[in-house]
Amino acid sequence: RTTLRNDGSIVLALEGSAIRVKRARLIGPQTQLEMSGAIALQQKNPLDLKIKGQASLNIVQDFYPEVFADGNVGLAATVRGAWSSPLIGGRLELKDASVNLPDFPTGISNANGVILFDGSQATIQQLQAESGGGKVTVSGFAAYGGPTMVFRLQTEAAEVRIRYPEGLSTTANANLVLTGTTERSTLTGTVTI
């Protein structure tokens with residue numbers, strides 16, 4: 001299990017009607033996260049926080065032991081607004097990330113990319129990875145500010161080998177687009193086997 005611990009004391013101060021984060025830093029193997037900012041107790045939009053640092057994806061296995069995850073994620077973000085619908089700004093960067101799910105015919109390795117957050121939308125600026133010996137590129141966006149998420153994601157895959165069904169190996173190229181909402185979506189494109 002990955003152990004995260006305080007790097008020194010967490011220092012909070014009550015200033016008027018706001019809680020100010022003076023010092024909050026967590027560290028662990030290949031992980032360090034810092035938080036600063038304030039939470040205004042009597043305002044409609046109380047959040048004004050900054051989070052930055054990097055984390056090892058190995059921590060995923062602490063919550064989901066059947067999932068293999070490796071690599072690092074870097075984060076520089078702000079969280080502002082209301083508890084019910086916070087506005088997130090900033091950047092998340094994947095570095096040599098790998099994820100393998102149980103009972104899934106192939107995994108992702110060497111994923112590198114950048115996801116930008118702008119209020120209530122996340123945009124994949126670039127995301128490239130390897131899967132089944134081939135290359136995968138993902139682009140698109142997801143808007144998450146309302147009651148349902150709206151998204152448009154495009155995936156291009158070249159020479160990806162999938163072992164499915166059991167005992168059979170298939171190599172495929174694909175160009176797929178997933179558009180819609182969390183309630184209703186459409187997958188279009190081509191897959192060449």
Contacts of type side chain to side chain donor-acceptor pair (under 3.5 Å), residue Q32, not counting sequence neighbours: R25
Residue pairs, two or more places apart or on separate chains, that pass side chain to side chain donor-acceptor pair (under 3.5 Å) and touch residues 113-123: Q121-T123
Donor-acceptor contacts under 3.5 Å from residues 174-183 side chains, at least two apart:
from : atom 1 : to   : atom 2 : distance (Å)
N175 : OD1    : Q154 : NE2    : 3.4
T181 : OG1    : E183 : N      : 3.1
T181 : OG1    : R184 : N      : 3.0
T181 : OG1    : R184 : O      : 3.3
T182 : OG1    : M149 : N      : 3.4

Selection residues 41-54 - residue pairs positive for side chain to side chain donor-acceptor pair (under 3.5 Å), sequence neighbours left out: D48-R80
For N6, which residues count as a side chain to side chain donor-acceptor pair (under 3.5 Å) partner, sequence neighbours excluded? none
Residue set satisfying side chain to side chain contact (heavy atoms under 4.5 Å, CB included) with T137, at least two apart, ordered chain then number -> Q128
Residues in side chain to side chain contact (heavy atoms under 4.5 Å, CB included) contact with V99, at least two apart in sequence or another chain: V67, L101
Residue list, side chain to side chain contact (heavy atoms under 4.5 Å, CB included) with S56, at least two apart or on another chain: Q30, T31, N58, N72
A side-chain contact here means heavy atoms from C-beta on lying under 4.5 Å apart; do D70 and L57 qualify? no
salt_bridge(E159, K135) N-O dist < 4.0 Å: no
From D7 atom CG to E34 atom CD, the distance as rounded to the nearest 0.5 Å: 8.5 Å
Side chain to side chain donor-acceptor pair (under 3.5 Å) involving T106 - partner list, sequence neighbours excluded: S131
Listed by chain and number, what are the side chain to side chain contact (heavy atoms under 4.5 Å, CB included) partners of S169, not counting sequence neighbours? R161, R163
Starting from L87, walk the hydrophobic network (Ile, Leu, Val, Met, Phe, Trp, Tyr; side-chain heavy atoms closer than 4.5 Å) and list everyone else you reach, by chain and number. none
Does anything in residues 143-153 pair up under side chain to side chain donor-acceptor pair (under 3.5 Å), and if so which pairs, sequence neighbours excluded? none
Can you hop from L14 to V11 via hydrophobic side chains spaced under 4.5 Å? no
